[in-house]
Every structure is written in C-alpha cells, then in structure tokens.
Amino acid sequence: MLKAVLAGLAGAVFAVSAPVVSAQAQDFKPAVVFDMGGKFDKSFNEGVWNGVKRFMDETGIEVMEFEVTNETQREQAITRMAQRGADLVLGVGFAQADAIDKVAQEYPDTKFAIIDVYWLDQPNLRQYRFEEHEGSYLAGVAAAMASKTGTVGFVGGMDVPLIRKFACGYVQGVKDTNADATVLQNMTGTTPLAWNDPSKGAELAQSQIDRGADVVYHAAGGTGLGVIRATADEGKLAIGVDSNQEDVAPGSVLTSMLKRVDNAAYDTLMDAKNGEFTAGIVSLGLEQEGVGLVENDKNAELMTPEIRAAVEAAEKGIISGEIEVHNYEDDQECPV
C-alpha cells in the first residue's frame, strides 16, 4: 500500500549543500509543460511538479517550464522548448497528446514523454499509463465502509473516458463492499474548463450531499478543491485524488487516491540525464505502486483498522487476479 510518508508526496527533506553537477549533467537541458490549472493545483500538475522538484534538488539541474493557460498554447509551448534546445520535453496530461505527437515527429532527435497517454507511436516518445480503475476500486471500498447513509458520491472533471475509468472502478469497489449502496455521479463539463471550476465542484458536491451522500470522491483537478471544501463544510467526508489532499480540509479527507505522477516525472528526467531513456508505454498500477490510497497518522481515525484491513484485502485480491476491476477505457462501458 502506498503511504503518504513516501518521499516526494509533500516534499522530501534534502541536503542543504548544493549537489555536485557533472559536466555531462550540466549539458542536459530538460523541460516540462504543465497543463491548465498550473503546477500548484494541489492535484495532478502539482504531483508532477513534486517529481520535477525532487530531480532538481538532487541533481542541481534546472528544468525549463511553462504553465498552459489556454488550449492554443500547448503545441506552441512544446515546440518552443524543443527550439530552445531541450534534450527532453515532458508533457503533462492527455490534452497534450496531439501536440506532443506532432512536435515529436518534427524533432526526431529530441526525447519526449507524456503522462496519461498510451495510444501514440513515436520512436522518441515515452508514454505513461496509470491503472486508475484499480486505485479507484480501493477508494470505493473505503467509501462504502465509511458511509453511514449507504449513499456515496463521485464528481468527475471533464467528461472523457479517463474520468469514466475512475468512476467505474469506484462504483465497482463500492458495490462489491455494499451491494445495496447508492452511488451518485456527476461530471463537471465537456471542455478543459471543467478541470478548474471549484465553484461548480462545490455545487455538485452539495447536490449529492442533499441527496444523502456522506462520502464524495472526486477526479476533477482544481474543480475537486471545491468538492472537498463543500463536503467538509457539511461535516461529510471527501476522498481526494492524484496528490495527498489532506491539507485542503484537515480532518475531513478520508483518504486520497494517489497517482504517482511524481515518480513518472522523476524517473523520466533521471533516465534521460543518465542516458537510459527508452520510448514506449509504461503502465503503473497497484502492483507497481503506481496508484494506491493514503494511509498515515493524519487520517488514522477516519481510516479505521476495519477499513484499512478491507482495503488491503482488496489490494491483494487485485494484484493476485482474484478481483478483476473493469477498465472503462477498454470498451467504453461500465458493467456496474
């Protein structure tokens, strides 16, 4: 089980003295293009930033960066990084897929990587795919056990297959734990603006709470901050996503479903620096500790021993194959 105390989640403690940078490392010029919401969104982008920062702190190498604020900037930013001589350009999120695919073809001698994409085919491109449905199943187990009303909620960001993948895994986890439970679901919107609308997130969470939900899980980027705060205001529980979101509403966040995008960013940068970069698809699920739930001292009272035991049993079942969690992206369907 992933633990919140793992290095990189909240910023590890590093040596005060600056690291020694070799001549070869000094010649390495990496870049990262964050997507909408910015690198301090307390969610997906910030998880990537944590990995980038860990790399910079350990190596002393600066990483060029750009924060996208509108859709037209993606291709421009990636191209600009390649033009500036970046040896590696890391793109953040599936919305950058078309842009990075095009630029990777135009700059075949530059290395590229992208997180949350697995369908491209360029010889100079590494892609990361996370098994979010597995981690979301665990979130569903925890939600079902923590719920007193038997009704729980899910708020997604942009209505795309990736977020349906989160939702489907979550519903399966809830239903496998309590077949009589009700799961309320809402998506925030159909455009990228859905990732950064905390007011709408709060509104959707409030609507679910009004219908009986007492645990609400979000996969909505910056919009999810509104979900967490509204849930806390009503004395209910939230489940965060991507990064450890306990600090958004201390005492009201049951757990967070972590995607170790920090490790994906860090490993990509290190591999490229060390001459060990490989193209292709990297899949990270429970078995690879790429997803999982936060369990630490701060949420120990909420994640009771009974809930933790159930989550651990489910995790073992998924890894062993005893529990098969449906992946919405495989067939665009959710059987539960």
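All residue numbers in this chain count up from 1 along the given sequence. What's counted below: heavy atoms across the whole structure, side chains too, no hydrogens, waters or symmetry copies.
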Exercise. Is there a path of hydrophobic side-chain contacts, each under 4.5 Å between heavy atoms of I, L, V, M, F, W or Y residues, that connects V248 with I239?
Worked result: no
Exercise. Where does the angle between the aromatic ring planes of F166 and Y217 fall among parallel (under 30°), tilted (30 to 60°) and perpendicular (over 60°)?
Worked result: tilted
Problem set entry | Lys/Arg N to Asp/Glu carboxylate O, R74 vs D35, below 4.0 Å | yes
Exercise. Between V152, V227, L184, which is the residue that forms a side chain to side chain contact (heavy atoms under 4.5 Å, CB included) with V216?
Worked result: V227
Problem set entry | Least distance between heavy atoms, F55 atom then P30 atom | CE2-CG, 4.2 Å
Exercise. Can you tell if the side chain of N196 reaches within under 4.5 Å of the side chain of M36, non-hydrogen atoms only?
Worked result: no
Exercise. For N263 and R54, does a side-chain donor sit closer than 3.5 Å to a side-chain acceptor?
Worked result: yes
For this session: Apply side-chain contact (heavy atoms from CB on, under 4.5 Å) to the pair I78 and F66, showing each step before the final yes or no.
Result: CA-CA 9 Å; I78 295 169; F66 185 84; over 6 Å; no
Exercise. Which residue pairs pass the disulfide bond (SG atoms under 2.5 Å apart) test with at least one member in residues 225-265, sequence neighbours excluded?
Worked result: none
For this session: Establish, from distance only, whether the side-chain atoms of Q185 and Y170 form a donor-acceptor pair under 3.5 Å.
Result: no
Exercise. Is there a donor-acceptor contact under 3.5 Å linking the side chains of D242 and S43?
Worked result: yes
For this session: Decide, yes or no, whether a salt bridge links K259 with E132 under the criterion of side-chain N to carboxylate O below 4.0 Å.
Result: yes
Exercise. Is V325 reachable from V291 through a run of I, L, V, M, F, W or Y residues, each pair having side-chain heavy atoms under 4.5 Å apart?
Worked result: yes
For this session: Decide whether Y107 and N124 meet the rule of one side-chain donor and one side-chain acceptor closer than 3.5 Å.
Result: no
Exercise. Among side-chain atoms of E295 and N299, is any donor-acceptor pair under 3.5 angstrom?
Worked result: no
